[in-house]
Amino acid sequence: MNMGLTGGIATGKSTVSRLLVERGAALVDADRIAREVVEPGQAPLRRIAERFGQAVLLEDGTLNRKRLGEIVFSDPAERAALEQITHPAIRAVMKDKMAAFEREDPKRLVVVDVPLLYESGLEPLFHRVMVVYVPRELQLARLMERDGLTAEAASRRLGAQMDIEEKRRRADDVIDNSGSLEDTIRQLDSFWQERGLR
Ligand SMILES: CC(C)(COP(=O)(O)OP(=O)(O)OC[C@H]1O[C@@H](n2cnc3c(N)ncnc32)[C@H](O)[C@@H]1O)[C@@H](O)C(=O)NCCC(=O)NCCS
Ligand SMILES: Nc1ncnc2c1ncn2[C@@H]1O[C@H](COP(=O)(O)OP(=O)(O)OP(=O)(O)O)[C@@H](O)[C@H]1O
């Protein structure tokens, strides 16, 4: 069985995916794939430099993520241009990795952490979708704290994504990560048992 894992930025997807892996799940991480497809030598990085200019590269030829983030999170058209370059490559690698895990052990839960699952309409790829939820104010506070962003910059990133309440409504399973880590662990243990996973 596979399961899409999503939520908003900084709601706790990495935290939850780590807990699922500890219980035996296999993990495919779209954020990580997104980094791999823009490594030097990969076609998407070349196309990004052509579209956004050499200023989005660092001296060693790697992507200046901070600079590109400032551009795309303040302008939806620029963001769409970046997604047009990177998303097809991310999706292809993601599907390959999922298929490889499913072939290897069809009974194992394959968790696919995809921040933009709903925004990109990827529900049909998954048997079920789990949303990691925290209320918007807490999401903003954790994002500012973790990434050292101002309230304004953090709000802009939230504004680039579907509202977390809407994601919660669409989910098959919801993990509420607004309490303590122990609280979240309890919810995952129930999920694991109810679904008879091993
Ligand atoms: C713009 C980039 C360079 C900024 O890099 P940075 O290191 O600051 O952020 P990082 O990649 O760790 O992403 C952090 C979070 O931002 C959010 N985010 C990233 N890209 C987007 C996007 N296009 N739209 C909305 N939210 C996004 C996600 O919640 C993600 O988990 C980078 O996010 C990127 O290449 N984005 C395009 C690819 C993509 O869509 N990735 C996310 C889904 S797979
Ligand atoms: N239950 C919790 N209590 C307190 N802090 C938490 C809890 N869960 C996660 N955090 C913190 O909140 C921040 C965001 O969590 P995490 O990095 O797991 O989110 P994410 O959804 O994977 O983020 P991104 O969308 O950027 O990949 C981190 O700094 C993490 O340590």
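All values derive from a computational prediction rather than experimental measurement. Just so you know, ligand 1 is whichever comes first in the structure, and atom 1 is the first atom listed for that ligand. One is the number of the first residue; the rest follow in order along the sequence. Computation of the quantities below employed the complete heavy-atom set of this structure, encompassing side-chain atoms and omitting hydrogens, waters and symmetry-equivalent molecules.
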Check your understanding: Under 4.5 Å between any side-chain heavy atoms of Leu122 and Val114, yes or no?
Key -> yes
Revision key, fill the gap. Residue, atom and distance of the protein heavy atom nearest atom 41 (N) of ligand 1 read Ala34 CB, 4.0 Å
Could you pull out every donor-acceptor pair under 3.5 Å between side chains of residues 135-154 and any protein atom, sequence neighbours left out?
residue : atom : partner : partner atom : Å
Gln139  : NE2  : Ile9    : O            : 3.0
Arg142  : NH1  : Asn177  : O            : 2.9
Arg142  : NH2  : Asn177  : O            : 3.3
Thr150  : OG1  : Ala153  : N            : 3.1

Exercise for review: Show which atoms of ligand 1 fall inside a sub-4.0 Å distance from at least one heavy-atom site of Arg79.
Suggested key: 22 (C), 23 (N), 24 (N)
Check your understanding: If you measure from the Lys or Arg side-chain nitrogens to the Asp or Glu carboxylate oxygens, is any gap between Asp189 and Arg186 under 4.0 Å?
Key -> no
Check your understanding: Is Lys13 in contact with ligand 1, taking contact as a heavy-atom separation below 4.0 Å?
Key -> no
Check your understanding: Can you tell me if Glu123 uses its side chain to pair, donor with acceptor, with the backbone of Val129 under 3.5 Å?
Key -> no
Check your understanding: atom 26 (N) of ligand 1: which of Lys66, Glu78, Gln161, Arg91 has the nearest heavy atom?
Key -> Gln161
**Study point:** Protein residue, atom and distance nearest to atom 13 (O) of ligand 1, heavy-atom basis
**Key:** Asp31 OD1, 4.3 Å
Check your understanding: Is the closest side-chain heavy-atom distance between Arg65 and Val38 below 4.5 Å?
Key -> yes
**Study point:** Close side-chain approach of Arg169 to Val131, heavy-atom, < 4.5 Å
**Key:** no
Exercise for review: Around atom 4 (C) of ligand 1, find the nearest protein heavy atom and jot down its residue, atom name and distance.
Suggested key: Arg65 O, 3.8 Å
Point to revise | Those protein residues which place at least one heavy atom below 4.0 Å from ligand 2 | key: Gly8, Ile9, Ala10, Thr11, Gly12, Lys13, Ser14, Thr15, Asp31, Arg142, Arg146, Asn177, Gly179, Ser180, Leu181
Check your understanding: What atoms of ligand 1 come closer than 4.0 angstrom to any heavy atom of Leu116?
Key -> 21 (C), 22 (C), 23 (N), 24 (N), 25 (C), 26 (N), 40 (O), 43 (C)
Review point. Do Asp75 and Ile71 have side-chain heavy atoms sitting under 4.5 Å apart?
Key: no
Practice item. Give the residue and atom name of whichever protein heavy atom lies nearest to atom 14 (C) of ligand 1, and the separation in Å to one decimal. Key: Ile9 CD1, 4.3 Å
Revision key, fill the gap. Residue, atom and distance of the protein heavy atom nearest atom 35 (O) of ligand 1 read Leu82 CD2, 4.1 Å
Study note, to complete from the structure: the protein heavy atom lying closest to atom 19 (C) of ligand 1 turns out to be Phe73 CZ, 3.7 Å
Check your understanding: Closest non-hydrogen protein atom to atom 38 (C) of ligand 1, residue and atom name please, with distance?
Key -> Thr86 OG1, 3.6 Å
Point to revise | Those atoms of ligand 1 less than 4.0 Å from some heavy atom in Val72 | key: 1 (C)
Review point. Can you list every side-chain hydrogen bond (donor to acceptor under 3.5 Å, both in side chains) pair that touches residues 36-60, not counting sequence neighbours?
Key: Arg51-Glu78, Asp60-Thr62
Review point. Within the distance-only criterion (no hydrogens, no angle test), does the side chain of Thr11 pair as donor or acceptor with the backbone N or O of Tyr133 below 3.5 angstrom?
Key: no
Exercise for review: Using modelled atom types only, decide if a donor and an acceptor are shared between the side chain of Glu119 and the backbone of Met162 within a distance under 3.5 Å.
Suggested key: yes
Check your understanding: Do Arg108 side-chain atoms and Gly24 backbone N/O form a donor-acceptor pair below 3.5 Å?
Key -> yes
Point to revise | Ligand-residue contact atoms, ligand 1 with Ala160, heavy atoms, under 4.0 Å | key: 25 (C)
Review point. Taking only residues at least two apart or on different chains, which pairs with a member in residues 90-104 satisfy side-chain hydrogen bond (donor to acceptor under 3.5 Å, both in side chains)?
Key: Asn2-Glu102
Review point. So, is Arg35 polar-close to ligand 1, with some N/O to N/O distance under 3.5 Å?
Key: yes
Exercise for review: Under 4.0 Å from a heavy atom of Glu83: give me the atoms of ligand 1 that qualify, with their elements.
Suggested key: 22 (C), 23 (N), 24 (N)
Practice item. Would you mind listing which atoms of ligand 1 come within a distance below 4.0 Å of any non-hydrogen atom of Pro115? Key: 28 (C), 29 (O), 31 (O)
Exercise for review: Give the atoms of ligand 1, by number and element, whose distance to some non-hydrogen atom of Arg157 is under 4.0 Å.
Suggested key: 8 (O), 9 (O)
Review point. Can you list the steps and then say if Arg18 with Glu22 is a salt bridge (Lys or Arg N to Asp or Glu O under 4.0 Å)?
Key: CA-CA 6 Å; Arg18 179 173 55 76; Glu22 281 171 15; 3.3 Å; yes
Check your understanding: Within less than 4.0 angstrom of ligand 1, does His87 place any heavy atom?
Key -> yes
Practice item. Answer yes or no: is there an ion pair linking Glu70 with Arg156, defined by an N-O contact shorter than 4.0 Å? Key: no
Exercise for review: State yes or no: do Val112 and Leu27 share one hydrophobic cluster built from I, L, V, M, F, W and Y residues joined by side-chain heavy-atom distances below 4.5 Å, directly or via other members?
Suggested key: no
